Amino acid sequence: RPPRSTLFPYTTLFRSVEKNLIDLDVPVSKYIPEFNPRGTNLLDKPITVRMLLNHESGLESDAFHDFFLGYETPEDYLYSYRRALEAVNQSGIVRNPYEVFSYCNLGYSLLGIIVERVQGGNFQEAVKALVFDPLGMDDSTFILDEVPVERMAMGYLAGKPEKVPYIRDMPAGSLNSSARDMGAFLQSMLASYNSEGGLFQPGTIREMFKVSNENVANDLDFKIGLTWWVVDLKKLPGEYIVGHGGDLPPYHAMALILPERDL
């Protein structure tokens with residue numbers, strides 16, 4: 001059950017978008033009034049939800065000094081991602097939006113906060129209600145302590161067994177799932193793309209898969225939609241592939257789909 005991550009806060013958020021609870025192009029501060037990073041007043045335009053989704057917001061990349069929380073269950077474990085708001089406000093704006101792609105786990109914790117505020121309850125409850133339950137993903141949870149030890153895949157570092165660390169940015173990297181559940185999730189994405197009754201309307205999933213950073217010169221031809229990467233694989237030249245990688249040592253994961261081939 002390797003930890004996976006950012007595909008799920010975005011999926012939950014887009015369920016809220018389709019319910020007209022979230023607008024991608026309004027300032028983050030509409031949903032999180034306390035969101036006020038240092039340097040915000042110097043920007044020509046506010047940071048929006050869409051900017052968080054495609055990692056082009058200009059916020060600090062990760063603030064790793066507070067990312068790992070150790071191997072003992074933190075007191076605020078279920079809500080540790082809420083610490084990201086203070087971290088973002090303190091670290092501030094480090095570049096202008098749409099200046100360069102910079103992977104930002106902090107931004108995905110903010111997306112988790114937005115989801116829980118518009119849906120009510122907490123982030124984990126929103127994901128369960130809007131994604132896990134409709135897809136029958138009964139083996140998936142963001143709460144590490146809920147996973148039976150005997151069902152957790154062992155991770156290794158330098159050939160030796162390694163424990164799973166707790167992290168602050170739960171929406172960005174703490175999903176524990178199974179191959180069966182991940183298959184159900186990816187099949188639903190393909191069904192949505194091909195108008196076959198998936199979790200989303202076809203127009204919604206196609207916007208997610210559409211390259212959003214073509215006009216960002218500093219991105220060096222790296223293509224990202226809304227969360228999903230548009231991937232060029234040398235072994236499959238010319239194929240349209242979307243996916244996302246996930247790394248939380250000692251685990252590494254990759255999800256890839258070929259929408260036009262329904263694979």
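Starting from 1, each residue takes its place in the sequence as its number. What you are looking at is a predicted structure, and each value in this text was computed from that prediction instead of being measured.
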Closer than 4.0 angstrom, basic N to acidic O: yes or no for [X] and [Y]?
X	Y	result
Glu239	Arg261	yes
Arg82	Glu34	no
Asp76	Arg83	yes

Test item: Ser91 side-chain N/O and Ala87 main-chain N/O as donor-acceptor pair under 3.5 Å: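 Checked: pair present.
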
All pairs passing ring-ring contact (aromatic ring centres under 6.0 Å, His included) where residues 16-51 contributes a residue, at least two apart: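 Listed by first then second residue: nothing to list.
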
Pair listing, ring-ring contact (aromatic ring centres under 6.0 Å, His included) test, anchored in residues 146-180, at least two apart: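 Qualifying pairs, neighbours excluded: Tyr77-Tyr166.
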
Validation row: Leu24, Thr48 side chains within 4.5 angstrom (heavy atoms):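 No; the side chains remain at least 4.5 Å from each other.
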
Any side-chain donor near an acceptor of the partner, [X] and [Y], under 3.5 Å:
X	Y	answer
Tyr251	Glu162	no
Asn54	Thr227	no
Asp219	Asn213	yes
Asp181	Ser140	yes

Worked check of side-chain contact (heavy atoms from CB on, under 4.5 Å) between Asn105 and Phe67: CA-CA 9 Å; Asn105 286 321; Phe67 182 80; 3.8 Å; yes

Matching residue for Ile93 among Val88, Leu42, Ile47 - test: side-chain contact (heavy atoms from CB on, under 4.5 Å):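 Testing each of Val88, Leu42, Ile47 against Ile93, the sole residue satisfying side-chain contact (heavy atoms from CB on, under 4.5 Å) is Ile47.
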
Cation-pi geometry met for Arg168 and Tyr81 (6.0 Å, 45°):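 Not flagged: Arg168 not positioned over aromatic ring of Tyr81.
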
Trace of the side chain to side chain donor-acceptor pair (under 3.5 Å) decision for Gln201 with Ser192: CA-CA 6 Å; Gln201 297 297 320; Ser192 298; over 6 Å; no

Flag if over 12 foreign heavy atoms under 6.0 Å of CD, Glu18: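 More than 12 within 6.0 Å, yes.
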
Arg180, CZ: over 12 other non-hydrogen atoms inside 6.0 angstrom: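 No.
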
